[in-house]
Enquirer: 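My questions all concern the structure below.
Computed from a prediction, not measured in an experiment: that's the story for all the values here. Residue numbers begin at 1 in each chain, while the letters A, B, ... track the order of the sequences.
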Amino acid sequence: MPLSIATWNINSVRLRTRIVSRFLRSHAPDVLCLQEIKCINDNFPYKTFRRLGYRHIAVNGQMGYHGVAMVSRLPFLAEERKGFCGKGDSRHLAVWIADGERSIAIHNLYVPAGGDEPDPRVNPKFEHKLAFLDEMKSWVGAGAQRDPMVLVGDLNVAPLEQDVWSHRQLLNVVSHTPMETERLNAISTGGAWTDVARHFVPADEKLYTWWSYRARDWKASNRGRRLDHIWVTQPLRDRLAGIETLSEARGWTRPSDHVPVIAKIGDA
DNA sequence: ATGGTTGTAGGACAA
């Protein structure tokens with residue numbers, strides 16, 4: 001059976017149960033990885049997902065901020081939650097699912113946004129973001145080449161020139177500074193990861209997954225960024241069957257500022 | 001150059 005894995009920064013899962021349901025009914029990914037659920041574990045809308053056939057649910061929630069979750073039609077063989085930067089933030093959740101005789105690890109991440117000022121000496125949030133990326137590098141680097149792994153999430157970095165509406169104008173804007181893009185590229189290169197979206201969409205083609213709430217008309221101005229990513233390791237690379245970025249979801253009622261991204265992986 | 005919006009909470013703060 002081919003496998004489909006989706007990632008979506010939902011910006012409050014409780015406020016958006018309607019559009020999440022709409023997405024699951026129309027696209028039916030096997031696994032949906034959510035970021036910014038903005039609730040504690042007990043307040044996660046379990047019933048909404050179970051009714052839609054997503055009976056396997058793992059949550060790493062937090063009061064008010066951040067929080068990640070994974071809902072699945074396939075059972076989880078194991079779960080794991082990792083803390084980063086010695087903080088109590090809920091920014092990581094991993095599950096393992098069966099893949100024939102083997103298993104696939106799926107890591108769901110929410111990288112800190114980093115605040116406004118792109119200077120780690122004056123902005124502790126940016127310093128935290130860089131430290132988080134450094135910790136990610138040492139953590140996902142080793143062993144990544146051999147094991148079938150998927151890494152998804154809101155990485156809050158748009159690494160390539162065509163991942164933002166204006167490379168020149170965003171070079172000093174948090175999410176596209178060389179300090180961030182160089183770190184993200186070092187992580188993917190060091191771990192031999194394949195950026196699934198760019199595996200299918202040429203690097204000279206604009207591709208966004210996020211549009212600010214602050215624009216008067218997100219579609220007309222189209223000042224987007226590609227902050228949401230799906231990466232796979234070498235054992236899954238040759239099985240990649242497609243990517244979908246659901247930009248129309250930005251226009252749904254009461255939307256998240258991020259849209260779902262779905263990767264399809266063929267049989268072994 | 002600045003300000004623009006959304007969410008959690010019930011006042012700032014994060015994004």
Side-chain angles (χ1 to χ4, degrees), chain A residues 7-23 33-45 48 59-69 83-92 108-120 122-133 136 152-159 163-166 168-177 179-181 184 208-229 247 249-261:
Chain A
T7 181
W8 196 3
N9 178 319
I10 197 64
N11 188 17
S12 171
V13 69
R14 289 177 294 171
L15 205 60
R16 291 190 225 288
T17 51
R18 290 179 75 105
I19 60 169
V20 175
S21 303
R22 175 178 178 177
F23 170 66
C33 306
L34 296 168
Q35 303 87 34
E36 277 209 273
I37 61 172
K38 292 189 173 175
C39 65
I40 59 172
N41 290 7
D42 287 348
N43 290 342
F44 189 82
T48 300
V59 184
N60 185 10
Q62 178 177 339
M63 175 73 79
Y65 307 110
H66 323 314
V68 289
F84 280 84
C85 303
K87 291 183 176 255
D89 288 356
S90 296
R91 295 183 177 276
H92 169 263
N108 180 16
L109 280 157
Y110 177 49
V111 173
D116 289 329
E117 188 60 49
D119 183 349
V122 300
N123 175 7
K125 284 187 251 180
F126 193 65
E127 184 185 33
H128 177 213
K129 181 178 198 174
L130 297 181
F132 193 102
L133 292 169
M136 254 178 87
V152 312
D154 176 3
L155 305 185
N156 264 317
V157 180
D163 290 340
V164 293
W165 61 276
S166 168
R168 188 178 57 80
Q169 288 178 259
L170 271 78
L171 264 175
N172 201 33
V173 172
V174 172
S175 73
H176 194 61
T177 66
M179 277 179 283
E180 299 161 85
T181 57
L184 199 75
Y208 312 138
T209 66
W210 173 90
W211 290 261
S212 172
Y213 282 129
R214 296 175 192 181
R216 212 171 273 120
D217 182 335
W218 71 275
K219 195 183 244 178
S221 60
N222 197 25
R223 296 184 168 188
R225 304 178 201 171
R226 188 170 72 101
L227 305 177
D228 303 274
H229 300 268
S247 37
R250 186 61 180 76
W252 289 354
T253 308
R254 282 267 243 170
S256 168
D257 44 356
H258 297 252
V259 299
V261 180

Enquirer: Answer whether the closest heavy-atom distance between the side chains of Cys85(A) and His128(A) falls below 4.5 Å.
Expert: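 Cys85(A) reaches His128(A) side chain to side chain.
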Enquirer: Assign a letter to each nucleotide of nucleotides 4-15 of chain B from its 5' end: B, base within under 4.0 Å of a protein heavy atom; S, sugar-phosphate only; -, no contact.
Expert: BBSSSS----SB
Enquirer: Should Asn123(A) and Asp116(A) count as side-chain neighbours, where that means a heavy-atom distance under 4.5 Å?
Expert: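 Not in contact.
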Enquirer: Roughly how far apart, to the nearest Å, are dG7(B) and dG3(B) at atom P?
Expert: 22 Å
Enquirer: Is a side-chain donor-acceptor pair under 3.5 Å present for Gln35(A) with Thr7(A)?
Expert: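 On atom types as modelled, these side chains qualify, holding a pair under 3.5 Å.
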Enquirer: Please give the distance between the C1' atoms of dA9(B) and dA14(B) as a whole number of Å.
Expert: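 It comes out at 13 Å once rounded to the nearest Å.
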Enquirer: Trp252(A) vs Trp8(A) aromatic rings, parallel, tilted or perpendicular, using cut-offs 30° and 60°?
Expert: perpendicular
Enquirer: Distance check, P atoms only: dA12(B) and dA1(B), in whole angstrom units.
Expert: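 31 Å, rounded to whole Å.
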Enquirer: Could you tell me if Ser90(A) and Asn60(A) have a donor-acceptor pair between their side chains, going purely by distance under 3.5 Å?
Expert: yes
